[in-house]
There are 2 protein chains.
Amino acid sequence: MPRPKVPLLSADRIADAALELVDSGRPFGVNALARALGVTPSSLYNHVSGRDEIIELIRGRIAAQYLPDLPEGTWDDVVASTMRAQRRMYAEHPNAIPLIVGKTITDPFTIASYDNLATGLLGAGFPEGEVLTVVAILDSFALGFGLDLASPDDIWQPQGPTQTLGRLLAGAERGAARSDRAFEEGLELLLDSLRLRLSRLREDD
Amino acid sequence: MPRPKVPLLSADRIADAALELVDSGRPFGVNALARALGVTPSSLYNHVSGRDEIIELIRGRIAAQYLPDLPEGTWDDVVASTMRAQRRMYAEHPNAIPLIVGKTITDPFTIASYDNLATGLLGAGFPEGEVLTVVAILDSFALGFGLDLASPDDIWQPQGPTQTLGRLLAGAERGAARSDRAFEEGLELLLDSLRLRLSRLREDD
DNA sequence: ACCTGAACACCGTTCAAGT
DNA sequence: ACCTGAACACCGTTCAAGT
């Protein structure tokens, strides 16, 4: 069946199927994706440049869904809303995290979200030279918690006796509940300390 | 050359070569590792169960080097020292991060390090039900910054015009310097807010 | 006990051939 | 323009055969 009159594939259809494959929990790959699309692996190369571009399509798909509405309001509202949106995004597509992590971000929605964050921080009074650092901190935080979600239920598995860890682990919440609570508390901690930093900066004026 | 009198391989030798391969920046894999060891891939299976175990060996190797001395002192010294040790570990083996991330931790040195952290926080006055959450926050933080280091120089690459981000990126520090500064500042923020949290907890007494 | 070599079921990518 | 099929150089893992 070479060259059908109406194309079987498109970047859009590939993106949809790729995200579906990732979310299904089956291992992601070009060949597996082709199988899911009922097509030969080489067919995909008529529409995308390869594995990496498909992964960027996945990032774009997710970001378009969770990050299109740029939060407004006070700077700490912007920070909190942006972080929570990222959190929701990661929470509902945890299997995408290991794929998109550590790759340069070009997706417009994701860029716009960070841009909005930077603008908010700058407006709040954080100095030019510090805004990007704060954004990087927030990014690391979101990413770390994303990975926390994508991790196995038992992150720590002591093989021998411990002073404290083993006992706490035995009585601890598991999985998503633990991770959610840690995220909210961590977010509060970060906001508190950013407020502190800001008030110190204002004292210096 | 079957069954040499003195074995060519051992878990130790495999761990050494694996870390070396990872640090070299060449793609890590069982076959590539076997080549580096001058041996057939199947030979490795006489000493390790497979790829995953080799990766745990790498984690152990790194942890044994950076986390053997458990920091003492005030709780915030313990937190800062532990975070900085992890940071140094990631900084000097950035290519190991994508491999070890998201796998259950069994390595004794790593466990001992987190155990020490938990014990310190508990002693400082953080309630039982909260210690693990704080440890998870610190872990997420360290991991996020580890990934930040392993990431390409340009994490954000806007394709179009931006309000703030593009301008800040143009004047920003690059690579390790930026990441180091962000880490130190982020650590200060976290410590500040943990101190704040602790003082509030003490007020309630 | 510890290595090799063949074999298997996978990868991601390229490219000539077909319409 | 868009698909197939063959081909290539890789993966990780198993297992019989050799000493």
Side-chain angles (χ1 to χ4, degrees), chain A residues 1-60 95-96 98-104 152, chain B residues 1-60 95-96 98-104 152:
Chain A
M1 193 213 302
R3 171 77 166 119
K5 285 175 196 163
V6 49
L8 296 173
L9 296 176
S10 68
D12 248 35
R13 243 180 283 248
I14 291 171
D16 283 339
L19 183 54
E20 206 177 325
L21 175 60
V22 166
D23 285 341
S24 79
R26 274 141 29 206
F28 174 78
V30 177
N31 293 21
L33 176 58
R35 270 195 301 279
L37 281 161
V39 119
T40 279
S42 50
S43 309
L44 300 177
Y45 289 80
N46 287 297
H47 304 271
V48 295
S49 66
R51 187 181 205 270
D52 279 359
E53 188 178 330
I54 297 174
I55 290 172
E56 264 306 295
L57 287 179
I58 294 174
R59 193 210 296 276
N95 298 322
L99 296 177
I100 61 177
V101 129
K103 306 213 162 184
T104 300
Chain B
M1 192 215 303
R3 171 79 165 119
K5 283 176 197 161
V6 49
L8 296 175
L9 296 176
S10 67
D12 248 34
R13 242 180 284 245
I14 291 172
D16 283 340
L19 183 53
E20 207 177 324
L21 175 59
V22 166
D23 285 342
S24 79
R26 271 139 35 203
F28 174 79
V30 177
N31 294 20
L33 176 58
R35 270 194 300 279
L37 282 161
V39 118
T40 277
S42 51
S43 307
L44 299 177
Y45 289 79
N46 288 298
H47 304 270
V48 294
S49 65
R51 187 181 204 269
D52 279 0
E53 188 177 331
I54 297 174
I55 290 173
E56 265 306 295
L57 287 179
I58 293 174
R59 193 211 295 277
N95 298 321
L99 297 176
I100 62 176
V101 131
K103 306 213 164 184
T104 299

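Here is how names work: the chains are called A, B, and so on, in the same order as the sequence lines, proteins then strands, and each is numbered from 1. From a predicted model like this one, the values you see are computed outputs, not experimental measurements.
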> Under a 4.0 Å heavy-atom cut-off, which of residues 48-56 of chain A touch DNA chain C?
Replying inline: A:G50, A:R51
> Can any side-chain N or O of B:R13 pair as donor or acceptor with the backbone N or O of B:L8 at less than 3.5 Å?
Replying inline: yes
>> Output the rounded distance in Å from CG (A:L99) to P (C:dG12).
In response: 11 Å
>> Rounded to whole Å, how long is the line connecting atom CD1 of A:I14 with atom C1' of D:dC3?
In response: 12 Å
>> When both hydrogen-bonding distances must be under 3.5 Å and the geometry is Watson-Crick or G-U wobble, what is D:dG12 paired with, if anything?
In response: C:dC8
> Can you tell me how far C1' of C:dT4 sits from NE2 of B:H47, to the nearest Å?
Replying inline: 13 Å
> Between A:H47 and A:E53, which heavy-atom pair has the shortest distance, and what is it?
Replying inline: O-OE2, 4.3 Å
>> Is there a side-chain contact between A:S43 and the phosphate of D:dT4, meaning an N or O under 4.0 Å from OP1 or OP2?
In response: yes
> Would B:L9 and B:N46 count as a side chain to side chain contact (heavy atoms under 4.5 Å, CB included) if you check the C-alpha gap in whole Å, the side-chain angles of each, and the deciding distance to 0.1 Å?
Replying inline: CA-CA 9 Å; B:L9 296 176; B:N46 288 298; over 6 Å; no
> Can you name the closest pair of heavy atoms from B:R59 and B:I100 and give their distance?
Replying inline: NH2-O, 3.4 Å
> How close do B:A11 and B:L57 get, heavy atom to heavy atom, and via which atoms?
Replying inline: O-CD1, 3.9 Å
>> Closest-nucleotide mapping onto DNA chain C: is A:P41 or B:S10 further toward the 5' terminus? I mean the 5' end.
In response: B:S10
> Where do B:Y45 and B:G50 come nearest, in terms of heavy atoms and distance?
Replying inline: CE2-CA, 3.9 Å
> Considering the options B:D23, B:L21, B:D16, which one meets the side-chain contact (heavy atoms from CB on, under 4.5 Å) requirement together with B:L19?
Replying inline: B:D23
> What integer distance in Å separates B:Y45:OH from D:dG12:P?
Replying inline: 7 Å
> Of all of residues 20-40 of chain B, which get a heavy atom below 4.0 angstrom from DNA chain C, listed by number?
Replying inline: B:V39, B:T40
> Which base, if any, makes a Watson-Crick or G-U wobble pair with D:dG18, both distances under 3.5 Å?
Replying inline: C:dC2
> Within this structure, what is the CG-to-C1' distance between B:L44 and D:dG12, rounded to whole angstrom?
Replying inline: 11 Å
> Can you tell me how far the CZ atom of B:R26 sits from the CG atom of B:N95, to the nearest 0.5 Å?
Replying inline: 11.5 Å
>> From CG of A:L9 over to P of D:dC2, roughly how many Å is that when rounded to an integer?
In response: 10 Å
> Starting at CG of A:N46 and ending at P of C:dA16, how long is that distance when rounded to a whole Å?
Replying inline: 14 Å
> Which atom pair, heavy atoms only, marks the closest approach of A:I58 to A:A96?
Replying inline: CG2-CB, 4.4 Å
